[in-house]
Amino acid sequence: MTLIPKSHPRRKSLLIREKLVNGFDNGLVAKEGLLAQGRGEAFDYLLGEKTNKMAKTAIRVAAAQILLADFPVISVNGNVAALCPKEIVKLAKTVNAKIEVNLFYVNEKRKQNVIKILRKSGAKEILGVDKQSKTTLSGIDSARRIVDKNGIFAADVVLIPLEDGDRTLALRKAGKIVITFDLNPLSRTSQTANVTIVDNVIRSMDLLIDASKKLSKRNQMELKKIVEEFDNKKNIAKSIIEIRNNLLRRARFA
Ligand code: ATP
Ligand code: MG
């Protein structure tokens, strides 16, 4: 572990980066996952490295949407397993969702490592493991079209943090309600999902757990109202404007 001074202005960001690097060293994260993190970091910088109002709104809607689901599933890839495995397990318990391991760059060893960390974090049931229950989503040619027929295939609501655009589109085409965490408001995943949380998953996963706990006391009518009043496209647009405003502020002081 590298020593990052407490006073370092990018300390938090560097600590997150370190989690990814450790994840890579421990066979959880793919090389491409490190690059995806880098792209995310750039947007995080532009967003001011904090959870904004729009992300908080989307988190509340995401919680309502998961609580309304008959069969919610959380999809876990290498980056998510390296960043927040405990939170994934906690969220799954809070909202009664299944956990499915789904790697973009398929590699049996890495999959086993992801399963191991999820188990260590308290997961009892993990889908996407049993070869017998494999099936495919149509509309994508990557190995990620493979899903578990008892998991994502059967789900009505899927939470896909840090997901690729092709797969998000395939899930929407398959009729799923898609929730994502994605720092890039311009990515295809952000633009295609039903509920897009434009924030660092490491900051906002806990907020989603809290919102789910709070909203679990509400009735279905109230939850439906929260979902119906939300406009994802408008909410994403506000994050893009926030980036523009942050840039303008910086340009003025330059
Ligand atoms: P798309 O396929 O949706 O067009 P992409 O090809 O640019 O996007 P991918 O590698 O497919 O990117 O998806 C990873 C996404 O996850 C990126 O948009 C990246 O910004 C985002 N991301 C990376 N790290 C984090 C993080 N810690 N929290 C939230 N989002 C992240
Ligand atoms: Mg992509």
Side-chain angles (χ1 to χ4, degrees), residues 10-24 28-52 54-59 62 74-88 91 101-107 110 114 117 137 139-145 158-173 176 178-209 232-233 235-237 239-240 242-243 246:
R10 316 225 57 71
R11 181 177 158 82
K12 269 194 196 152
S13 169
L14 293 177
L15 287 173
I16 301 171
R17 188 179 282 187
E18 203 163 79
K19 275 188 192 254
L20 258 295
V21 172
N22 289 340
F24 176 76
L28 275 177
V29 172
K31 276 184 204 145
E32 293 83 353
L34 295 176
L35 295 171
Q37 167 72 15
R39 174 140 45 202
E41 278 178 11
F43 280 96
D44 208 2
Y45 200 115
L46 298 174
L47 285 159
E49 293 175 324
K50 56 179 191 289
T51 304
N52 63 31
M54 291 68 83
K56 285 180 190 159
T57 302
I59 287 167
I74 306 170
S75 177
V76 177
N77 61 27
N79 284 39
V80 175
L83 288 170
C84 50
K86 286 202 182 87
E87 290 78 2
I88 290 288
L91 177 66
V101 177
N102 223 295
L103 307 185
F104 191 82
Y105 300 96
V106 182
N107 171 321
R110 207 155 63 76
V114 172
I117 184 113
L137 289 170
I140 31 171
D141 31 313
S142 85
R144 252 193 176 187
R145 69 179 187 273
V158 281
L159 173 62
I160 47 168
L162 285 55
E163 185 56 89
D164 171 66
D166 285 348
R167 199 168 132 82
T168 308
L169 203 59
L171 289 168
R172 284 300 309 271
K173 279 192 190 152
K176 315 292 176 198
V178 173
I179 302 167
T180 191
F181 290 89
D182 195 323
L183 276 162
N184 177 2
L186 306 170
S187 77
R188 289 172 310 148
T189 291
S190 280
Q191 301 279 336
T192 316
N194 298 77
V195 184
T196 305
I197 302 163
V198 179
D199 194 17
N200 200 318
V201 71
I202 215 155
R203 278 195 300 271
S204 45
M205 194 55 92
D206 270 332
L207 300 178
L208 181 57
I209 296 167
N232 199 43
K233 289 251 182 297
N235 203 51
I236 294 172
S239 277
I240 298 171
E242 173 107 341
I243 290 177
N246 286 343

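Counting convention: from 1, in listed order, for ligands and their atoms alike. In what follows, residues are counted from 1 in the order of the sequence shown. Note that the structure is a prediction, hence the values are computed from the model and not measured.
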Chemist: Pick out which of Asp164, Asn184, Thr168 makes a side chain to side chain donor-acceptor pair (under 3.5 Å) with Thr189.
Modeler: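 The option that passes is Thr168.
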Chemist: Taking the non-hydrogen atoms of Ile202, is any one of them nearer than 4.0 angstrom to ligand 1?
Modeler: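 For ligand 1, residue contact (heavy atoms, under 4.0 Å) with Ile202 is absent.
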Chemist: Could you tell me the residue and atom name of the protein heavy atom closest to atom 20 (O) of ligand 1, and the distance to it rounded to 0.1 Å?
Modeler: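 The protein heavy atom lying closest is Gly40 CA, 3.4 Å.
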Chemist: Are side-chain N/O atoms of Ser75 and Asn102 paired as donor and acceptor at under 3.5 Å?
Modeler: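 Side chains of Ser75 and Asn102: no pair found under 3.5 Å.
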Chemist: Could you check which N/O/S atom of Asp164 is closest to the Mg ion (ligand 2)?
Modeler: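 Sorting the N, O and S atoms of Asp164 by distance to the Mg ion (ligand 2) puts OD1 first.
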Chemist: Taking distance alone, with no angle check, do Asn200 and ligand 1 share an N/O pair under 3.5 Å?
Modeler: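 Yes, there is a polar N/O contact under 3.5 Å.
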Chemist: Quick one: does Val201 get an N or O within less than 3.5 Å of an N or O on ligand 1?
Modeler: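 So ligand 1 has an N or O lying under 3.5 Å from an N or O of Val201.
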Chemist: Considering non-hydrogen atoms of the protein only, which is the closest contact for atom 5 (P) of ligand 1, and what is the distance?
Modeler: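 Of every protein heavy atom, Arg39 NH2, 3.8 Å lies nearest to atom 5 (P) of ligand 1.
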Chemist: Are Glu49 and Lys12 within salt-bridge range, i.e. N to O under 4.0 Å?
Modeler: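 Salt bridge flag = no for Lys12 with Glu49.
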Chemist: Gly165 to ligand 1: N or O pair under 3.5 Å?
Modeler: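 N/O-N/O distance under 3.5 Å: yes.
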Chemist: Using a 4.0 Å heavy-atom threshold (strictly under), name the region of Leu83 that reaches ligand 1: side chain, backbone, both or neither.
Modeler: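 Within the 4.0 Å criterion, Leu83 contacts ligand 1 through side-chain atoms alone.
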Chemist: Give the C-alpha distance, both sets of side-chain angles, the deciding distance and a yes or no for side chain to side chain contact (heavy atoms under 4.5 Å, CB included) between Leu137 and Lys173.
Modeler: CA-CA 9 Å; Leu137 289 170; Lys173 279 192 190 152; over 6 Å; no
Chemist: When you measure from atom 10 (O) of ligand 1 to every protein heavy atom, which one gives the shortest distance, and what is it?
Modeler: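 Closest protein heavy atom to atom 10 (O) of ligand 1: Ala36 CB, 3.7 Å.
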Chemist: When you measure from the heavy atoms of Ile16 to every atom of ligand 1, does any distance fall below 4.0 Å?
Modeler: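 Per 4.0 Å heavy-atom rule, Ile16 does not contact ligand 1.
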Chemist: Taking all atoms of both residues into account, what is the closest heavy-atom pair of Leu28 and Ala82, and its distance?
Modeler: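 Residues Leu28 and Ala82, closest heavy atoms: CD1-CA, 4.0 Å.
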Chemist: Do Arg188 and Asp166 meet the salt-bridge criterion of a basic N to acidic O distance under 4.0 Å?
Modeler: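 Salt bridge flag = yes for Arg188 with Asp166.
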Chemist: Among Asp44, Leu34, Leu183, which one puts a heavy atom closest to atom 30 (N) of ligand 1?
Modeler: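 Considering heavy atoms of Asp44, Leu34, Leu183, the nearest to atom 30 (N) of ligand 1 sits in Leu183.
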